[in-house]
Amino acid sequence: MEKQQSGFAGFVKRNWLVILTGLIVGAAAVVLTALGNPKNMGFCIACFERDIAGSLKFHSAEVVQYFRPEIVGLVLGAMIMSMIRKEWKPQGGSSPITRFVLGMLVMIGALVFLGCPLRMVIRIGGGDVNALIGLLGFIAGIVIGTFPLRFGFTLNRAYKQNKAEGLVFPILLAVLFVLSLLPELFSRSEQGPGSQHAPWIAALLIAIVVGALCQRSRLCMAGGVRDVVLFKDFHLIYGFLAIIVAVLVGNLITHNFKFGLADQPIAHTDGIFNFLGMALVGWGSVLLGGCPLRQLILAGEGNSDSAVTVFGFIAGAAVSHNFGLASSAKGIGAGPVLWVLIAGFVILAALSVFNTKRRV
Amino acid sequence: MIDARGLSCPMPVLAVQREVKKNQPDTIEVLVDNMTAVGNITRFAASQRYSVKVEEADGEYRMTLSK
């Protein structure tokens with residue numbers, strides 16, 4: 001029988017792993033930035049999947065094309081750790097098309113803001129006030145998303161699948177990664193954020209460690225806020241805060257901390273769109289059951305629904321850049337950004353309503 | 001018995017929360033199939049002053065919450 005320990009010892013016992021993971025994720029972001037990754041990015045799931053979409057020529061934005069080893073490492077790290085822990089489990093079949101569309105919308109929102117929830121936290125640690133506005137939008141989106149959850153929203157059960165189903169995604173990623181090391185096969189940015197990257201071996205190894213830790217600790221940005229709203233459970237939020245602390249300290253040491261709104265690295269100052277973009281991400285992530293980072297980890301654990309979601313992210317990134325929806329440091333995209341965001345909210349509302357039953 | 005197998009996060013713990021709010025039972029049995037759900041339900045149960053017993057069999061976890 002487990003009883004809750006009270007006091008500081010109980011707090012440490014319950015939360016040390018997620019706090020340690022947060023600190024290491026934050027430190028990894030700072031180290032990867034020092035090794036060449038774009039500033040205040042280090043480890044952005046949305047940006048890096050967008051770069052992968054570019055490297056595979058799904059979009060032609062020349063400044064954001066690079067097959068990021070971090071994404072591969074996160075998935076492999078989670079896979080290895082879950083196999084060691086006997087938690088690797090091929091599973092799928094829980095509304096895959098809905099998840100694909102949710103993935104696309106989350107990515108479109110993230111690229112309006114310029115970052116996934118993880119990069120939002122990293123940007124906050126770098127002193128970027130725009131990211132605080134994004135955080136408000138993220139929280140608003142999550143609060144909206146918890147209403148359908150309370151009323152019985154479900155994407156239905158996932159079922160056990162064959163081992164092959166759970167292995168397709170990690171193996172595909174690993175093969176593509178090896179191919180990406182060949183010269184001239186995939187696109188590679190010569191300037192812009194896509195050209196800024198840490199050496200691939202460092203990126204891969206650091207990401208494997210982070211992926212393994214995230215698998216163990218279940219770190220999730222959307223889950224952190226959601227659990228506070230739904231259960232007054234602060235467990236995952238401690239990981240969230242630990243990332244900010246580690247990034248803040250790291251940035252102060254490496255002289256990369258800059259507080260303010262203007263001239264932040266790879267960010268724009270359009271507050272309304274920062275808010276709306278992250279609101280779309282928050283709401284979509286709650287319906288998906290986890291943020292983009294968490295989807296990668298689950299995909300590594302053999303969850304093919306999460307793998308489909310990651311393909312949704314990549315498709316969303318291609319749509320964002322092909323139709324002028326993605327922002328840049330200059331501001332929001334030239335495409336019909338507001339209309340697409342409105343459409344995104346309408347789709348989320350429809351999916352929230354039509355997937356809600358009164359009980360589980 | 002709440003069967004929360006195959007449900008993604010946070011549906012298993014939400015189902016438990018719903019049961020606690022509705023019936024405030026002395027014991028609740030929950031069947032889940034991943035350690036994330038076990039962790040979430042354990043934390044929620046502790047916050048509601050339930051003790052938790054977990055039995056694992058064939059990749060599934062039978063949780064017994066009792067006051």
Side-chain angles (χ1 to χ4, degrees), chain A residues 1-6 10 14-15 17-18 82 85-89 91-95 99 146 149-160 215-218 220 222-223 226-227 229-236 286-290 294-295 297-298 301 303 305-306 309 358-360, chain B:
Chain A
M1 291 278 181
E2 280 183 47
K3 281 254 179 194
Q4 190 170 21
Q5 269 181 287
S6 54
R14 284 191 301 277
N15 301 306
L17 184 62
V18 78
S82 64
R85 305 271 309 168
K86 300 202 170 21
E87 291 177 11
W88 188 80
K89 184 176 284 183
Q91 221 181 15
S94 155
S95 310
R99 288 180 189 273
T146 56
L149 256 55
R150 285 180 219 260
F151 285 100
F153 172 88
T154 176
L155 294 178
N156 287 320
R157 289 178 203 274
Y159 291 93
K160 201 173 168 187
Q215 194 281 330
R216 280 282 278 122
S217 67
R218 337 281 179 204
C220 174
R226 178 201 66 205
D227 288 354
V229 175
L230 280 177
F231 310 110
K232 298 189 178 57
D233 176 359
F234 289 80
H235 174 73
L236 289 174
V286 168
L287 299 185
L288 282 167
R294 184 78 187 133
Q295 298 302 327
I297 302 303
L298 288 170
E301 290 180 22
N303 187 319
D305 293 322
S306 289
T309 307
R358 266 308 302 192
R359 284 196 61 86
V360 174
Chain B
M1 164 76 77
I2 298 170
D3 181 1
R5 289 174 298 174
L7 294 177
S8 55
C9 199
M11 305 312 165
V13 60
L14 260 177
V16 173
Q17 186 192 43
R18 210 170 282 148
E19 178 66 15
V20 169
K21 274 191 181 164
K22 203 171 142 197
N23 299 321
Q24 295 171 326
D26 287 335
T27 51
I28 308 171
E29 291 215 323
V30 198
L31 198 57
V32 298
D33 60 0
N34 64 82
M35 280 305 291
T36 308
V38 171
N40 288 343
I41 292 171
T42 302
R43 283 198 310 282
F44 176 74
S47 76
Q48 304 294 312
R49 313 229 168 272
Y50 282 91
S51 304
V52 182
K53 197 175 78 179
V54 186
E55 292 163 283
E56 200 231 315
D58 199 23
E60 294 182 354
Y61 306 86
R62 179 184 290 264
M63 303 181 72
T64 310
L65 280 56
S66 50
K67 283 233 176 185

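Quick caveat: nothing in here was measured; it's all calculated off a predicted structure. The figures that follow rest on heavy atoms only: side chains count, while hydrogens, waters and symmetry mates do not. Below, chains carry the letters A, B, ... as their sequence lines are ordered, and counting in each starts from 1.
Using a 4.5 Å heavy-atom cutoff, the side chains of Ser8(B) and Asp305(A) are not in contact. When side chains are defined from C-beta on, Ser47(B) does not count as touching Lys232(A), because their heavy atoms never get closer than 4.5 Å. Considering only heavy atoms from C-beta on, Met11(B) comes within 4.5 Å of Leu149(A) through its side chain. In this structure the side chain of Phe231(A) reaches within 4.5 angstrom of the side chain of Leu14(B), judged on heavy atoms. Between Met35(B) and Arg218(A) there is a side-chain heavy-atom pair separated by less than 4.5 Å. The side-chain heavy atoms of Arg294(A) and Thr36(B), taken from C-beta on, include a pair separated by under 4.5 Å. At a threshold of 4.5 Å between non-hydrogen side-chain atoms, the residues Asp233(A) and Phe44(B) do not count as touching.
No donor-acceptor pair under 3.5 Å is formed between the side chain of Glu87(A) and the backbone N or O of Gly59(B).
Interface residue Arg99(A): only side-chain heavy atoms are found under 4.5 Å from chain B. When heavy atoms are compared at a cutoff of 4.5 Å, Arg85(A) does not approach chain B at all.
Interface summary for chain B: among His235(A), Lys86(A), Lys89(A), Gln91(A), the most heavy-atom pairs under 4.5 angstrom belong to His235(A).
Separation of atoms CG (Leu7(B)) and CG (Asn156(A)) is listed at 8.0 Å; rounding is to 0.5 Å. For the atom pair CZ of Phe234(A) and CZ of Arg43(B), the computed distance is 12.5 Å after rounding to the nearest 0.5 Å. The structure places SG of Cys9(B) at 6.5 Å from CG of Asp227(A), a figure rounded to the nearest 0.5 Å.
Classification of Arg157(A) and Asp33(B) as a salt-bridged pair fails, no side-chain N sitting under 4.0 Å from a carboxylate O.
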